[in-house]
**Q** 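Structure incoming, see below.
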Amino acid sequence: MAQLIDGKAIAAQVRAEVKAEVAAWVAAGHRAPHLAVILVGDNPASASYVRGKTQAAAEVGIASETLHFDTHLTEAELLAEIERLNADESVDGILVQLPLPAHINPSRILHAIRPEKDVDGFHPVNAGRLLLGEPGFVPATPAGILELLRRSGIETAGKHAVVVGRSNIVGRPLAVLLLQRGIDATVTVCHSRTSNLAALTQQADILIAAIGQPRYITADMVRDGAVVIDVGINRVEDPAHPRGYRLVGDVDFEAVSQKAGWITPVPGGVGPMTIALLLRNTLYAAQQRYTYTYKARPL
Ligand code: GUN
């Protein structure tokens with residue numbers, strides 16, 4: 001039976017550290033860090049994530065505002081809004097919740113955010129810095145996964161990490177991070193076109209599932225004792241549940257937890273870490289924006 005990696009508890013630790021650092025920052029005479037969140041349309045999952053982020057911000061002393069726009073907002077209008085936030089010296093971090101409606105090109109929007117306010121780490125400058133191993137904003141979910149591993153005492157050096165998924169938000173940046181000096185994993189990246197996926201996942205010391213398909217990783221795909229990190233948050237219908245749906249990961253938790261050495265639950269695994277690391281990025285944005293030197297920090 002696998003040991004549970006308690007993302008809720010570890011995220012609470014990270015949030016407490018951020019809260020203490022925000023308090024010290026404010027005590028030193030600075031204003032509270034300020035996060036602007038843009039939400040377009042009424043995707044219920046997106047609205048729920050945004051609420052989670054702004055509530056968590058308030059709890060650590062970060063000021064936040066949610067700019068909620070109708071789904072018909074044009075790309076030009078959204079770009080104008082970002083320009084306004086870029087120029088507003090009282091705004092430290094700008095986050096555009098994804099996905100955007102189909103008529104808006106997400107790249108054009110993400111490229112418009114000033115890199116020093118890009119707390120999601122999705123701007124090409126930050127993505128490039130990450131690829132080069134330079135300090136910059138690291139996307140919150142991959143950074144959160146590394147914190148889970150580190151704070152659980154899981155060794156990464158020399159281990160074979162298999163990342164399933166190649167999204168710009170999780171799979172790709174995570175693969176790059178795992179390769180970094182100091183982390184030193186050997187990395188395989190798999191995706192929807194990978195041949196014989198199970199043969200690769202079975203070789204993983206650390207298996208990361210970031211596919212977006214409910215219970216895609218089954219027990220036969222996992223090596224005995226492996227560390228299994230489940231990034232998926234999938235809504236599946238459940239008439240027995242008051243909401244009519246329930247959240248499941250990309251991993252078949254029931255079966256895989258019998259075989260793995262360590263495993264993250266859904267909910268309560270990676271999800272809370274994403275929020276905690278976003279808060280940390282926002283604090284860093286406030287502290288570093290004045291110089292835009294991206295003080296090197298341990299991740
Ligand atoms: N949609 C899914 N994950 C994320 C994320 O980390 N940031 C933003 N902005 N949108 C998302």
Side-chain angles (χ1 to χ4, degrees), residues 7 11 14 35-57 62 64-69 71 73 78-79 81-82 85-86 91-102 104-115 117-124 126-127 130 136-148 163 165-177 208-214 229-235 247 249-250 264 266-267 269-282 284-285 299:
V14 175
L35 174 66
V37 180
I38 294 178
L39 174 62
V40 185
D42 36 39
N43 177 329
S46 289
S48 150
Y49 295 144
V50 165
R51 270 196 309 278
K53 291 171 185 182
T54 53
Q55 275 170 17
I62 291 175
S64 74
E65 58 180 321
T66 302
L67 303 159
H68 190 179
F69 297 102
T71 188
L73 181 78
L78 181 50
L79 286 169
E81 196 57 38
I82 288 171
L85 295 168
N86 279 342
V91 172
D92 298 301
I94 303 170
L95 180 155
V96 178
Q97 186 64 30
L98 303 175
L100 286 165
I104 298 179
N105 178 337
S107 299
R108 215 169 280 154
I109 300 305
L110 297 175
H111 292 206
I113 296 170
R114 272 171 67 179
K117 296 191 179 189
D118 171 39
V119 288
D120 256 336
F122 295 163
H123 188 282
N126 286 311
L130 178 62
F137 287 111
V138 177
T141 303
I145 291 168
L146 285 192
E147 285 292 351
L148 280 180
V163 178
R166 55 175 158 177
S167 73
N168 290 344
I169 294 180
V170 185
R172 284 175 203 235
L174 180 59
V176 170
L177 275 172
I208 293 134
I211 313 144
Q213 300 286 337
I229 306 290
D230 189 351
V231 186
I233 306 179
N234 306 290
R235 291 185 175 202
L247 297 178
D250 291 351
T264 61
V266 176
V270 173
M273 294 302 291
T274 296
I275 293 185
L277 274 287
L278 167 68
L279 301 178
R280 197 165 81 177
N281 277 352
T282 305
Y284 290 176
L299 283 165

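Ligands are counted one by one from 1 in listed order, and the atoms in each one are counted from 1 as well. Everything numeric here is computed off the predicted structure, so don't read it as measured data.
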**Q** For atom 10 (N) of ligand 1, what is the closest protein heavy atom, and at what distance to 0.1 Å?
**A**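 Scanning the protein heavy atoms, the shortest distance from atom 10 (N) of ligand 1 goes to Leu98 N, 3.0 Å.
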**Q** What atoms of ligand 1 come closer than 4.0 angstrom to any heavy atom of Lys53?
**A**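 Counting atoms of ligand 1 from 1, those under 4.0 Å from Lys53 are 7 (N), 8 (C).
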**Q** For ligand 1, which atoms have a heavy atom of Leu95 less than 4.0 angstrom away?
**A**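 So the answer, numbered in order with elements, is 9 (N).
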**Q** Which heavy atom of Gly7 sits nearest a heavy atom of Pro272, and at what distance?
**A**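 Closest pair (atom of Gly7, atom of Pro272, distance): O-CB, 4.0 Å.
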**Q** Would you name the heavy atoms of Leu130 and Val176 that are closest together and state the gap between them?
**A**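 Smallest heavy-atom distance, with atoms named: O-CG1, 3.5 Å.
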**Q** Closest heavy-atom contact between Leu95 and Val119?
**A**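 Heavy atoms of Leu95 and Val119 come nearest at CB-CG2, 4.4 Å.
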**Q** Can you confirm whether Val37 sits close enough to Leu35 that some side-chain heavy atom of one is under 4.5 Å from a side-chain heavy atom of the other?
**A**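 They are in contact (side-chain heavy atoms under 4.5 Å apart), so the answer is yes.
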**Q** Heavy-atom pairs closer than 4.0 Å: do any link ligand 1 to the side chain of Val96, the backbone, both, or neither?
**A**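 Answer for Val96: backbone.
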**Q** How close do Phe137 and Asn126 get, counting heavy atoms only, and between which atoms?
**A**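 Scanning both residues completely, I find the closest heavy atoms to be N-OD1, 3.2 Å.
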**Q** Using a 4.0 Å cut-off to any heavy atom of Gln97, which atoms of ligand 1 qualify?
**A**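 It comes down to these atoms of ligand 1: 1 (N), 8 (C), 9 (N), 10 (N), 11 (C).
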**Q** Could you state the interatomic distance from CG (Asp120) to CG (Leu277), rounded to the nearest 0.5 Å?
**A**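 Result: 11.5 Å between the selected atoms.
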**Q** Answer yes or no: does an N/O atom from Asp120 fall short of 3.5 Å to an N/O atom of ligand 1?
**A**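 N/O-N/O distance below 3.5 Å exists for this pair.
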**Q** For Phe122, is the nearest heavy atom under 4.0 Å from an atom of ligand 1?
**A**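 In this structure, Phe122 qualifies as a contact of ligand 1 - some heavy atom is under 4.0 Å.
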